[in-house]
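All of these numbers come straight from a predicted model, not from anything done at the bench.
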Amino acid sequence: MRCLMHTPLRRLSCLLPRCMPGRWSQILSPKWSSLRLSCSTRPGVVTAADVVNYWQKVFEANGIPEARESSEYIVSFVLGAKTFQSLSSKSLRTPLTAAQQEQIQQLSNKRLERMPVQYVLGEWDFGDLTLKMRPPVFIPRPETEDLVSLVVEEESLMYEKNSGLCFPVPAPRPVILEIGCGSGAIALSLLHKLPQSRVIAMDKEEAAVDLTRENAHRLQLQERIHVLHQDVSYSSAKQLLLWGPVDFIVSNPPYVFHEDMASLDAEILRYEDLDALDGGDDGMRVIKTILALAPSLLKDSGSVFLEVDPRHPNMVKDWLQAHPDLLLVLCAIHKDFCGKPRFLHIQKQSS
């Protein structure tokens with residue numbers, strides 16, 4: 001599965017051990033129930049640090065992984081901060097109101113039901129952007145930020161190459177197609193980092209399309225993105241061609257091997273869209289479709305950037321060699337921050 005780790009900037013892993021349903025009041029031990037009572041009967045003297053420590057103990061008592069981080073994210077969110085460490089000393093000393101304590105309790109109840117923190121808070125940071133999150137739309141993982149960076153780097157190289165010509169041609173605005181947009185994390189990050197770009201984003205799930213559009217409007221990027229509610233297929237390729245050939249195709253497609261789906265953490269199986277994860281028997285069901293359609297969608301020398309399972313680079317290379325008519329070449333394999341081969345750069349040869 002994807003490489004996930006905790007990092008300071010709101011990157012709490014959403015892949016957690018098996019969930020234990022039930023509200024906290026039903027599963028807390030008497031010890032923690034009495035602690036709650038002692039806090040709730042002393043309004044005006046409960047600080048942010050008190051509540052973080054309390055919910056950390058509650059989460060630990062109920063087997064919630066990353067208990068401290070979960071508690072800190074929830075409390076800092078209610079206090080209007082991105083991280084607990086960014087709270088001012090005054091905020092840390094100021095007693096919490098009854099309304100704040102109630103909100104923290106409601107959010108913590110959801111966490112105790114093993115809902116991923118991204119869904120609990122209803123938003124999450126991806127790169128420089130804060131995006132709305134809600135189930136079952138796929139939660140963007142931190143390593144996918146590197147996929148965005150690879151596209152930005154390639155566009156910069158193309159721009160520099162054109163600028164170095166004796167008679168440089170004005171570079172057109174790059175057109176990017178994202179397949180499987182989910183929350184819009186990749187598409188909107190590319191629009192943010194490449195101010196001249198335009199994006200066509202598509203997803204087969206209506207919930208994902210709606211969330212991408214909502215995030216685009218919140219970030220005031222809606223004028224440069226077209227969000228389409230459709231699956232990637234040969235029929236959809238005909239419709240996409242109406243927008244003209246694209247410079248880049250980027251996708252974090254479903255790539256989990258079907259046999260591995262049952263072993264995913266219960267949070268995923270319960271809350272996230274499994275179709276956004278299940279890549280079929282070899283994990284390449286959607287990957288093969290994207291590659292088969294790419295030559296008809298890309299400009300000459302256009303590129304495909306994919307996030308894949310670490311087992312896929314060699315499989316993709318062999319598949320492309322078996323389909324030389326596609327005129328696609330695997331140019332580079334890039335590793336994620338865990339050192340696993342995770343990203344593929346595939347380029348269309350000039351015809």
Side-chain angles (χ1 to χ4, degrees), residues 2-16 48 52 55 65-88 91 103-104 107-108 110-111 115-152 178 180-195 197 199 201 203 207-208 210-222 224-225 227 250 252 267-268 271-273 276 307 336-338 342-343:
R2 292 173 160 80
C3 164
L4 291 169
M5 63 175 64
H6 174 71
T7 57
L9 300 178
R10 304 182 61 138
R11 292 179 175 178
L12 187 68
S13 164
C14 64
L15 305 186
L16 304 170
V52 165
W55 281 107
E66 297 185 299
R68 180 73 184 185
E69 291 85 351
S70 296
S71 182
E72 287 184 349
Y73 280 125
I74 290 171
V75 173
S76 59
F77 175 78
V78 171
L79 295 182
K82 296 246 179 185
T83 64
F84 192 70
Q85 290 70 27
S86 67
L87 287 170
S88 66
S91 297
Q103 186 181 3
I104 290 169
L107 297 177
S108 297
K110 295 179 180 181
R111 185 69 188 97
M115 178 180 280
V117 170
Q118 292 90 336
Y119 291 152
V120 170
L121 303 184
E123 66 177 41
W124 200 249
D125 283 0
F126 183 85
D128 299 328
L129 307 179
T130 299
L131 302 171
K132 287 292 184 182
M133 294 286 153
R134 55 176 174 261
V137 180
F138 181 76
I139 299 169
R141 274 57 171 178
E143 68 270 22
T144 304
E145 294 178 24
D146 291 339
L147 181 64
V148 172
S149 297
L150 291 172
V151 178
V152 173
E178 186 194 2
C181 56
S183 64
I186 294 173
L188 299 174
S189 292
L190 288 169
L191 290 174
H192 178 70
K193 291 178 179 294
L194 299 172
S197 66
V199 170
D203 202 294
D210 290 344
L211 188 55
T212 292
R213 287 173 176 161
E214 179 181 335
N215 280 322
H217 277 82
R218 290 183 66 253
L219 297 168
Q220 299 184 336
L221 294 170
Q222 71 275 11
R224 292 163 52 210
I225 186 171
V227 189
V250 60
N252 177 14
E267 280 81 356
I268 297 174
Y271 290 102
E272 288 198 74
D273 176 15
E307 181 175 326
D336 60 22
F337 50 64
C338 294
R342 182 69 63 185
F343 310 107

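Taking 4.5 Å as the limit, some side-chain heavy atom of Lys132 sits within range of a side-chain heavy atom of Leu211. Side chains of Phe84 and Leu79 form no contact here, defined as non-hydrogen atoms less than 4.5 Å apart. Phe138 is not listed as a side-chain neighbour of Asp273, based on a closest heavy-atom distance of 4.5 Å or more. Proximity of Ser183 to Met133: side-chain heavy atoms (C-beta onward) are separated by under 4.5 Å at one or more points. For the pair Ile74 and Arg111, the minimum side-chain heavy-atom distance is below 4.5 Å. Side-chain contact between Leu131 and Leu219 is present, with at least one heavy-atom pair separated by less than 4.5 Å. In this structure, the side chains of Glu272 and Tyr119 come closer than 4.5 Å at one or more pairs of heavy atoms.
Atom CD of Glu123 is separated from atom CZ of Phe77 by 5.0 Å, given to the nearest 0.5 angstrom. Here Met115 contributes atom CE and Leu121 contributes atom CG; the two are 10.5 Å apart, rounded to the nearest 0.5 Å. Here the straight-line distance linking atom CH2 of Trp124 with atom CZ of Arg141 works out to 11.5 Å at 0.5 Å rounding. Ile186 CD1 to Glu307 CD: the interatomic distance, rounded to the nearest 0.5 Å, is 7.0 Å. Atoms CD and CZ, on Glu214 and Arg218 in that order, are 7.0 Å from each other to the nearest 0.5 Å.
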Pair Asp128, Lys193 - check side-chain contact (heavy atoms from CB on, under 4.5 Å), show working. CA-CA 9 Å; Asp128 299 328; Lys193 291 178 179 294; 3.8 Å; yes
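What you find for Trp55 and Ile104 is that their closest heavy atoms are NE1-CG2, 3.6 Å. Taking each heavy atom of Val117 and Ser70 in turn, the nearest pair found is CG2-OG, 4.1 Å. The minimum heavy-atom distance between Asp336 and Glu143, with the atom names listed, is CB-CB, 4.2 Å. Looking at every heavy atom in both residues, Ser71 comes nearest to Val52 through OG-O, 2.8 Å. Asn252 approaches Thr144 most closely through the heavy-atom pair ND2-OG1, 3.5 Å. Among all heavy-atom pairs drawn from Pro140 and Phe126, the shortest one is CB-CD1, 3.7 Å.
Tested against Cys181 for a side-chain contact (heavy atoms from CB on, under 4.5 Å), the candidates Thr212, Asn215, Leu188, Ile225 yield a single pass: Thr212.
Arg68 contributes no side-chain N or O that, together with a main-chain N or O of Glu66, makes up a donor-acceptor pair within less than 3.5 Å. In this structure, the side chain of Glu178 engages the main chain of Ala187 through a donor-acceptor pair within 3.5 Å. At least one donor-acceptor pair closer than 3.5 Å links the side chain of Arg224 to the backbone N or O of Pro195.
Looking at Asp125 and Lys82, a side-chain N of the basic residue comes within less than 4.0 Å of a carboxylate O on the acidic one, giving a salt bridge.
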